[in-house]
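To start, the structure itself, in structure tokens.
We use all heavy atoms of the structure for the numbers below, so side chains are in, but hydrogens, waters and symmetry mates are not. No experiment lies behind these values; they were computed from the predicted model shown. In the text below, chain A, chain B and the rest are named by the order of the sequence lines, each starting its count at 1.
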Protein chains: 2
Amino acid sequence: MAVTRSDVARAAGVSPAVVSYVLNNGPRPVATHTRERVLAAIDELGYRPNAIASALRGGSTQTVGLLTPNRSNPFYGALAEEIERTLTEQGYLTLTASTYGYRSSEERLLQTFIDRQTDGLIITSGVSLSGPALSGVEQSVLVLEERPESPLSTLSMDDEGDAARAVDHLQVHGHDLIGCIVGPPYVSTDGLRLSGWREQQRRTGRPASDGLVALADAGEEGGYQAAGLLLSEHGRPWAVYGRRPTALFVASDVQAFGALHACWELGLRVPDDVALVSMGGTRGARFTIPPLTTMRQDVEYLARSACTRLLEEIRTPGLPPAHVRLTGNLVVGHTCGCSPYGVIRR
Amino acid sequence: MAVTRSDVARAAGVSPAVVSYVLNNGPRPVATHTRERVLAAIDELGYRPNAIASALRGGSTQTVGLLTPNRSNPFYGALAEEIERTLTEQGYLTLTASTYGYRSSEERLLQTFIDRQTDGLIITSGVSLSGPALSGVEQSVLVLEERPESPLSTLSMDDEGDAARAVDHLQVHGHDLIGCIVGPPYVSTDGLRLSGWREQQRRTGRPASDGLVALADAGEEGGYQAAGLLLSEHGRPWAVYGRRPTALFVASDVQAFGALHACWELGLRVPDDVALVSMGGTRGARFTIPPLTTMRQDVEYLARSACTRLLEEIRTPGLPPAHVRLTGNLVVGHTCGCSPYGVIRR
DNA sequence: CTGAAAGCGCTAACAT
DNA sequence: ATGTTAGCGCTTTCAG
């Protein structure tokens, strides 16, 4: 059996309460000299407070639950890494789980987090915020998705606007027939990126029909197959336009990795035969061949803001919800057609 | 305040104990008809057992702690993803933390996990197993590192052997002067991969001096810089051999992404000017340009085995430690010099 | 088959 | 400044 607070108290010749006072620096003062005896006993016995008991009794579990669609996508990987790091620095531990896009998993996992009394919750993507689980939660919740009307605080990237600006960049290079590779649109992020593409094309009088859209699984493989579909002579969903798209807007870097590979296999030069702009700005995007032009969304900043805000809400219950939207910025690589080291000017 | 077991008991007109019996299917039987009343009350009130209290009282937290060097490397990403998924299926939640290679973080985080009474611990990489934290742990611990003598169970990849076989493959293609790009060797995995390269070179009478080794940070950037160092005309640590290495052994896929990029920038053709074999076999390796030849280590299998074993140890305390080592297999891509779709035969 | 009751280790109000 | 004590919500032994 582990050594408990009573053991320490006995060894130090004080009452258990005093041990608590020493450990928590309060709520009652302790004579310096008593404190030293207690600390000595703690050290001596190798005492460690039982976090479970402490959580049951008073208060907090010093734990935050993080719910993401998956762990392997670099965007969520980077997000989770930075969240975890920031929380660790603040003395919190992170409980993670992945939904893989299933509503049912979301609800179940969320409920599990709640049952475990995590002090806070960070949720990304498509959670049924109105679901039974979240109505009447006691802990602080931060949603990383655009929900301006939500009673929960939200923090999001401007996916639709960022996508539109990425597409605009291709248009500036003279492209009209711009294909779109995007994940399943029931994922809110992908849905927004898809409408960003569509609206930007429509607004500027360019084609925006479904024949130019390829829905793709997340991951390199998805982007690879979608690009194959949009660019090869077979299938030809774009046949109605009489020519192949001269550019692709790809909704995520990882899918763009696959798309680049498809171009390479098909013998299409990037950006000469096919220009390409993606979304994400993850670390690896600088190292593809050629390096990606990508709409960088600052995940680290997003993560840190999320943690800061969440911790505030944990410490100050009852804050009114905040809704913040971050904007991406284009990182010009070699896939869009800008001269290698130049930046385009309008 | 949340609804407690007593509330349910009162609503169902039974004692709190009976509610427990129903929820846990034991340890005492409950009349079918009483059970139904209880279940109805639970449903009615929306009762959820308090996991904290349950953990304090009896037993288990249904939580496993996972300690990795970081989260963003695809190897650890995939490992963690699969571990998390498997554990979730088994009703466990995963607490994750990253050490970023710091001994002090390791010890601190490990201790935190222990304080939180995680039922089990999965540890990767360089933990001071003899450290104060781990001596006398009560929970089950699985170490994903080769430690044949450890009193804790271990599960590892044969990093040294796999590396040697990867290098052998380059040798078979006729390469003698083979550079080595590897992470800081105080990370045990990297140390083993480095010796795999060195021993294989030495054993076959080929150069294995430090001039052929470039220590690199993990990540694409590290591989990029290291490759630049080993291949460019400047610096030339290989000058003593009078020519540039004709092949590179790269200790991780991600570093290989960077190395490929460096080759591309330097105008070196892969595999004609520089052949390249890496370690990992992560998902992205199939989509580089050209696709990587890589020693695939089956992370998913590793993860599932780890979970299976850990859960066994949790359920059956006192099992003697097991030590398992898994072997990788070479996935032939286009960077080694094998004909595009063929496989080399000796 | 069901109920009463003893803690798990801790915090904090209350008493000294 | 320190000690005593009542729970937090649950599991499980022991009595009925």
Side-chain angles (χ1 to χ4, degrees), chain A residues 1-42 45-63 112 114-119 138-139, chain B residues 1-39 41-42 45-63 111-112 114-119 138-139:
Chain A
M1 210 53 242
V3 24
T4 77
R5 192 195 46 156
S6 307
D7 298 332
V8 175
R10 206 172 312 117
V14 300
S15 83
V18 174
V19 181
S20 282
Y21 300 153
V22 171
L23 266 89
N24 310 338
N25 282 319
R28 313 268 58 170
V30 175
T32 324
H33 143 258
T34 316
R35 145 173 288 114
E36 263 153 25
R37 263 204 336 243
V38 171
L39 289 174
I42 288 176
L45 300 178
Y47 167 72
R48 304 243 79 210
N50 180 327
I52 306 280
S54 162
L56 174 60
R57 175 54 229 256
S60 94
T61 52
Q62 297 290 107
T63 303
T112 313
I114 295 172
D115 293 347
R116 309 249 180 153
Q117 327 253 76
T118 58
D119 294 343
E138 308 207 343
Q139 40 266 91
Chain B
M1 210 53 243
V3 26
T4 77
R5 193 194 47 155
S6 306
D7 298 332
V8 175
R10 206 171 312 118
V14 299
S15 83
V18 173
V19 181
S20 283
Y21 300 154
V22 171
L23 267 93
N24 309 337
N25 282 317
R28 313 267 55 166
V30 175
T32 323
H33 143 259
T34 315
R35 145 173 288 116
E36 262 153 25
R37 259 197 343 225
V38 171
L39 290 174
I42 289 176
L45 301 178
Y47 167 70
R48 305 242 79 212
N50 180 327
I52 306 281
S54 161
L56 174 59
R57 176 52 228 252
S60 93
T61 52
Q62 298 290 106
T63 303
Q111 190 58 64
T112 314
I114 294 172
D115 293 347
R116 308 248 179 156
Q117 326 253 82
T118 58
D119 293 343
E138 307 205 345
Q139 40 266 90

Integer-rounded Å distance: C:dG9 P and A:Leu45 CG: 15 Å
Strictly distance-based, threshold 3.5 Å: is any side-chain N or O of A:Arg116 a donor or acceptor partner for the main-chain N or O of B:Thr61? yes
To the side chain of B:Thr4, which of D:dG9, C:dT2, D:dT4 is closest? D:dG9
In whole Å, what is the span from the CG atom of B:Leu56 to the C1' atom of C:dC10? 8 Å
Closest non-hydrogen atom pair, B:Val38 against B:Val8: O-CG1, 4.2 Å
NA contact type, B:Pro49, heavy-atom cut-off 4.0 Å: base, sugar-phosphate, or nothing? sugar-phosphate
OP1 or OP2 of D:dT2 versus the side-chain N and O atoms of A:Thr34: is any pair under 4.0 Å? yes
Do B:Leu23 and B:Tyr47 touch side chain to side chain, with heavy atoms closer than 4.5 Å? yes
Which of the following nucleotides, D:dC10, D:dA1, C:dG9, is nearest to the side chain of A:Ala31? D:dA1
Rounded to whole angstrom units, what separation is found between the CZ atom of B:Arg10 and the P atom of C:dA4? 13 Å
Would you kindly give the CZ-to-P distance between B:Arg57 and D:dG7, to the nearest whole Å? 19 Å
Quick one: does A:Ser60's side chain have a donor or acceptor within less than 3.5 Å of a partner on A:Asp119's backbone? no
Nearest-nucleotide comparison on DNA chain C, the residue closer to the 5′ end among B:His33 and B:Ala53: B:His33
Measure from CG on A:Asp7 to P on C:dC8 and round the result to the nearest Å. 11 Å
At less than 4.0 Å, is any side-chain N or O atom of A:Ser54 found next to OP1 or OP2 of C:dC10? Yes or no. no
Nearest heavy-atom pair of B:Pro16 and B:Ala9: which atoms, and what distance? N-CB, 3.5 Å
CZ of A:Arg35 versus P of D:dA1: gap in Å, rounded? 10 Å
Using a cutoff of under 3.5 Å, can you pull out all pairs of nitrogen or oxygen atoms linking the protein to nucleotides 14-16 of chain C, with atom names and distances?
none

Nearest whole Å is fine: how far is D:dC8 P from A:Arg116 CZ? 23 Å
Value in whole Å for how far the P atom of D:dG9 lies from CD of A:Gln117: 9 Å
Supply the atom-to-atom distance B:Gln62 CD to A:Asp115 CG, rounded to the nearest 0.5 angstrom. 12.0 Å
Look up atom CZ in B:Arg57 and atom CG in B:Asn50, then write down how far apart they are to the nearest 0.5 Å. 14.5 Å
